[in-house]
2 protein chains.
Amino acid sequence: MTDFDLKDFTPYLLNLAAETSSAGFQAYYKDRYGMLRTEWRVLFHLGRYGPLTAKEICERARIHKTKVSRAVSALEDKRYLLRREQAEDRRLETLRLTEAGKKVFKDLYKEAARFDLEMMSDFTAEEHAILHKCLTKIAAL
Amino acid sequence: MTDFDLKDFTPYLLNLAAETSSAGFQAYYKDRYGMLRTEWRVLFHLGRYGPLTAKEICERARIHKTKVSRAVSALEDKRYLLRREQAEDRRLETLRLTEAGKKVFKDLYKEAARFDLEMMSDFTAEEHAILHKCLTKIAAL
DNA sequence: GGGAATTAGTTACGGAAGCAACCAGAAAAA
DNA sequence: TTTTTCTGGTTGCTTCCGTAACTAATTCCC
């Protein structure tokens with residue numbers, strides 16, 4: 001019963017790979033814009049899919065509402081987004097990026113694409129496809 | 001420039017997959033033994049590779065020394081391991097599992113193997129091999 | 001219409017992580 | 001020897017995350 005090693009344990013490997021792969025990009029948005037991971041994700045969703053409510057971001061991004069709430073406040077403090085209360089339901093706030101926010105999004109978006117390309121350059125197209133397929137299935141997307 | 005989506009961003013996917021895949025097993029050792037992730041990893045290393053110093057665990061497991069230090073204390077409180085100061089260098093402590101610790105290790109070890117098997121049953125052998133190869137490379141092991 | 005139950009979002013609190021400062025012991029240098 | 005540097009390990013501080021409780025607005029249902 002000693003044939004199974006930690007490096008054969010998929011969740012462990014996934015965590016290690018996730019940490020390693022995130023580190024580089026994380027440093028980029030942290031150093032450059034003082035942003036946290038959740039902030040980057042929220043910014044991405046708004047930049048990529050247009051104005052959304054916090055609720056919608058929660059669902060799409062699968063982030064807990066308290067984290068989103070804090071990220072939204074932080075992005076607001078940085079003047080990267082604006083809130084606008086909806087007239088028909090005053091519990092809802094539409095969130096939209098400011099010009100400054102859009103600029104940051106564009107930079108990070110480009111960098112993310114570049115980063116991903118660079119990272120995947122070690123693999124063949126087939127490996128890349130299988131990797132993504134497996135990850136998507138595991139993440140149950 | 002809108003062809004790149006969050007779900008195409010490998011670090012994002014990796015994080016999602018890592019979180020999802022860890023959740024099930026994490027619940028197991030948390031509910032059953034009140035352990036944290038770092039504690040489980042330290043326990044695993046000691047159970048799988050025999051007595052080690054904290055330093056060695058840091059290197060092998062790639063965990064920061066403060067985390068290891070706290071995990072070791074926690075495992076000691078639970079009576080899962082013992083420290084023994086080395087005579088030739090009194091800064092070093094050899095850590096070894098108690099009988100209770102070994103029992104917990106065996107249970108978790110078996111459960112991890114089972115969990116992994118179950119999780120991978122969705123994939124073909126080839127996919128499994130490629131997935132692990134890619135993850136190992138990304139994690140730069 | 002007027003409660004009761006829901007829902008969007010915030011806040012408060014306790015635990016966990018990272019960083020830096022720290023302590024003791026050992027090795028290196030003077 | 002003694003003083004400086006380095007190393008293994010711990011602790012303090014601050015930030016971050018998750019759970020649960022809360023507020024305000026809306027809908028359900030009588």
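Computed from a predicted structure; not experimentally measured. These numbers come from the heavy atoms of this one structure, side chains and all, not from hydrogens, waters or symmetry mates. To find a chain, count down the sequence lines: A is the first, B the second, and so on, and within it residues start at 1.
For residues 62-74 of chain B, no residue pair satisfies the salt bridge (charged side-chain N to carboxylate O under 4.0 Å, His left out) rule, not counting sequence neighbours. Sorted by first and then second residue, the side-chain hydrogen bond (donor to acceptor under 3.5 Å, both in side chains) pairs with a member in residues 16-25 of chain A read A/S22-B/N15; sequence neighbours excluded. Under the salt bridge (charged side-chain N to carboxylate O under 4.0 Å, His left out) criterion, no residue pair touches residues 116-126 of chain A, with sequence neighbours excluded. The side-chain hydrogen bond (donor to acceptor under 3.5 Å, both in side chains) pairs that include a residue from residues 128-141 of chain A are A/H132-B/T10, A/K133-B/E127, where partners are two or more places apart or lie in different chains.
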Query - Per-nucleotide protein contact string for nucleotides 17-27 of chain C (B base, S sugar-phosphate only, - none; heavy atom under 4.0 Å) - result: -BBB----BS-
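Contacts of B/D89 classified as salt bridge (Lys or Arg N to Asp or Glu O under 4.0 Å), with partners at least two apart in sequence or in another chain: B/R91. Legend: residues meeting salt bridge (Lys or Arg N to Asp or Glu O under 4.0 Å) with B/R90, ordered by chain and number and at least two apart, are B/E85. For B/D107, the salt bridge (Lys or Arg N to Asp or Glu O under 4.0 Å) partners are B/R32, not counting sequence neighbours. Listed by chain and number, the residues in a side-chain contact (heavy atoms from CB on, under 4.5 Å) with B/Q86 are B/T53, B/E88, B/L92, B/T94 (sequence neighbours excluded). Residues satisfying the salt bridge (Lys or Arg N to Asp or Glu O under 4.0 Å) criterion with A/K30, sequence neighbours excluded, are absent altogether.
Sorted by residue number, the list of members of residues 10-28 of chain B with any non-hydrogen atom under 4.0 Å from DNA chain D is empty. Of the residues in residues 52-60 of chain A, those lying under 4.0 Å from DNA chain C by heavy-atom distance are A/T53, A/A54, A/K55.
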